[in-house]
Amino acid sequence: MATTQSAIVLPPLPYAHDALEPYMSRETLDFHYGKHHKAYVDKVNSLIGGTEFADASLEELVAESTGAVFNNAAQIWNHDFFWNCLSPQRRTPGRELSRALDKLGGLESFQKQFDKAAIEVFGSGWAWLIKDGADALKIVTTSNANTPMREGHVVLLTCDMWEHAYYIDHRNDRGAYLKSFWPLVNWDFVAANLES
Ligand SMILES: [Fe+2]
């Protein structure tokens with residue numbers, strides 16, 4: 001009996017393409033989500049069709065694949081996560097999260113450390129806030145498609161440091177991009193990840 005192959009899907013964005021303006025333009029969303037993120041989805045589906053991974057979930061692909069399948073699958077996972085880290089509604093960290101961030105010197109100090117790490121990502125990559133043990137947080141960066149999720153870390157927040165994330169709005173200015181990133185952070189999502 002033929003089985004139905006489950007394709008990896010491009011999830012809808014949790015907001016409209018112009019909802020993050022003026023911090024992130026509709027044009028950036030059109031390209032970053034509509035072209036780059038979609039291209040990873042199209043590519044991975046073309047790669048896994050008819051292979052042992054044809055029915056795998058996205059998480060399984062990230063955990064078990066290598067090479068081009070891993071690169072595209074991990075980029076999809078990272079982008080799905082990244083879009084959920086953003087929100088058009090301005091939010092602030094709640095009590096539990098603030099307490100956790102206090103261990104990194106408080107919100108402002110955390111943002112400075114995160115900015116520094118993100119700006120120093122060599123080439124394309126990602127900056128992350130992850131859980132480090134039972135009750136500490138840690139800032140890490142990854143290159144290309146690599147993701148702390150593959151190593152089993154609980155990830156709380158990420159910022160996409162690929163040039164395609166900021167070039168339309170900020171050209172090569174990563175500092176300006178990060179300045180526009182912070183007002184968009186969905187701290188409720190970060191807090192929910194902390195509790196997970
Ligand atoms: Fe990206």
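Note that ligands are numbered from 1 as they come in the structure, with each ligand's atoms numbered from 1 the same way.
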Output every pair passing ring pair (Phe, Tyr, Trp, His ring centres under 6.0 Å) with a member in residues 12-31, not counting sequence neighbours, ordered by first then second residue. His17-Tyr33

Look at the aromatic rings of Trp77 and Phe81 and report parallel, tilted or perpendicular, splitting at 30° and 60°. parallel

Every N, O or S from the protein that is nearer than 2.8 Å to the Fe ion (ligand 1): His32 NE2, His79 NE2, Asp160 OD2, His164 NE2

Closest non-hydrogen atom pair between Cys85 and Thr158, with its separation: SG-N, 3.6 Å

Under the side chain to side chain donor-acceptor pair (under 3.5 Å) rule, what pairs show up with a residue in residues 182-196, not counting sequence neighbours? Arg91-Asn186, Arg91-Asp188, Asp115-Trp182

Check: His79 ring centroid to Trp162 ring centroid under 6.0 Å: no

Residue pairs, two or more places apart or on separate chains, that pass side chain to side chain donor-acceptor pair (under 3.5 Å) and touch residues 119-129: Gln75-Trp126, Lys116-Glu120, Trp128-Thr142

